[in-house]
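Notes to accompany the following structure.
Values below: every heavy atom of this structure, side chains too, minus hydrogens, waters and symmetry copies.
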Amino acid sequence: MVPRTFSRIVNLADWPHFGPFMTDIFSEIDEDIRKDRAKRIWQRFGKYIIGGAILLVVAVAAWRGWEAYTTAQAAAAGDRFLDAIALIENDPSAGLVELNAIASNGPAGYAELAGFRAASAMAEAGDVDGAIATFRGMATDSGLDNLTRDMAAVRLGYLLLDHGDATEIEGLLLPLSETTNPFSHSAREIRGFAALRNGNSDQALALFLELVSDFNAPESVRARARVALDVLASDGASALGS
């Protein structure tokens, strides 16, 4: 039985119309609760939210500024390197000084390029000892990546083959002779010619036979290996025909 007090306030015949009204009241109550909860959260954590937003803006601005700075530095280093290359054609001494300066204090990448070009310029100018010293330094510099060190070792090997101690080549290039190394073919070729120069025909024969049968080797390398095998055959290498 419905209490009289309630029936006086609400006509039971109007109950279907009363439902939406109650729903609106509950919605307003939920909204007030959410607002109150949000207010408490903001009072408690608002300063941290603002601080985090400011920190994010500062971090993004700093990152963008650093990107712009490094891009400008790289562009300047590129221009400086190209200017040094052009200079060395007209004034080798001045160009070499500039290349060495870039190699010493230039950004990564350009410093290595400048070092290689400076060493090559030394060799072209007849300063083979200076070129060998530069490439040897790069080949043993732990601050450089493996690819750069290996490339310097190969360039050093070529110079030692013609102008230095060929006995140093075996220890220098043996680690690069694995087939997984990108300089494997060059390393084995240099070792083969070094073995020839040192009178080690058996080692030279084995290396050149490897290169001739290696279809992944550049054709120029295989062609030189075939010539070397002809030289060995004319000298009567014992294992050539086996």
Requested in this report: Spell out, as yes or no, whether a donor-acceptor pair under 3.5 Å connects the side chain of Arg149 to the backbone of Leu144.
Outcome: yes
Query - Path from Phe135 to Leu147 over hydrophobic side-chain contacts below 4.5 Å - result: yes
Requested in this report: Decide yes or no for Glu170 and Gln203: does some side-chain heavy atom of the first lie under 4.5 Å from some side-chain heavy atom of the second?
Outcome: yes
**Report entry** Check against salt bridge (charged side-chain N to carboxylate O under 4.0 Å, His left out), Arg117 and Glu98
**Finding:** CA-CA 11 Å; Arg117 188 63 185 90; Glu98 182 62 14; over 6 Å; no
Query raised in the report: Do any N or O atoms from the side chain of Asn198 and from the backbone of Asn200 form a donor-acceptor pair under 3.5 angstrom?
Result: no
Report task. State, with a plain yes or no, whether a side-chain heavy atom of Val154 is found less than 4.5 Å away from one of Asp150. Result -> no
Query raised in the report: Between the side chain of Ser177 and the main-chain N/O of Ser184, is any donor-acceptor distance below 3.5 Å?
Result: no
Report summary line: With sequence neighbours left out, the residues meeting ring pair (Phe, Tyr, Trp, His ring centres under 6.0 Å) with Phe183 are none
Query raised in the report: Counting distance only, does the side-chain N/O of Arg197 pair as donor-acceptor with the main-chain N or O of Leu161 below 3.5 Å?
Result: yes
**Report entry** Same cluster (ILVMFWY, side-chain, under 4.5 Å), Tyr110 and Ile85
**Finding:** yes
Query raised in the report: Hey, any chance Val128 and Leu96 share a hydrophobic cluster, counting ILVMFWY side chains that come within less than 4.5 Å of each other, even indirectly?
Result: no
Requested in this report: Can you measure from CD1 (Ile132) to CD (Glu168) and round to the nearest 0.5 angstrom?
Outcome: 8.0 Å
Query raised in the report: CZ of Arg188 to CZ of Phe193: how many Å apart, nearest 0.5 Å?
Result: 13.5 Å
Query raised in the report: How long is the span from the OG atom in Ser220 to the NE2 atom in His185, to the nearest 0.5 Å?
Result: 10.5 Å
Query raised in the report: Is there side-chain contact between Leu160 and Leu172, with heavy atoms separated by less than 4.5 Å?
Result: yes
Report task. Show your working on salt bridge (charged side-chain N to carboxylate O under 4.0 Å, His left out) between Glu210 and Arg191 and close with a plain yes or no. Result -> CA-CA 12 Å; Glu210 278 184 16; Arg191 287 175 57 216; over 6 Å; no
Requested in this report: Sort and list the pairs that fulfil ring pair (Phe, Tyr, Trp, His ring centres under 6.0 Å) and have at least one residue in residues 211-234, not counting sequence neighbours.
Outcome: none
**Report entry** CG on Asp129 to CE on Met122, rounded to 0.5 Å
**Finding:** 11.0 Å
Requested in this report: Can you measure from CG (Leu173) to OH (Tyr158) and round to the nearest 0.5 angstrom?
Outcome: 9.0 Å
Requested in this report: Write down the atom of Leu232, the atom of Ala204, and the distance for their closest heavy-atom approach.
Outcome: CD1-C, 4.2 Å
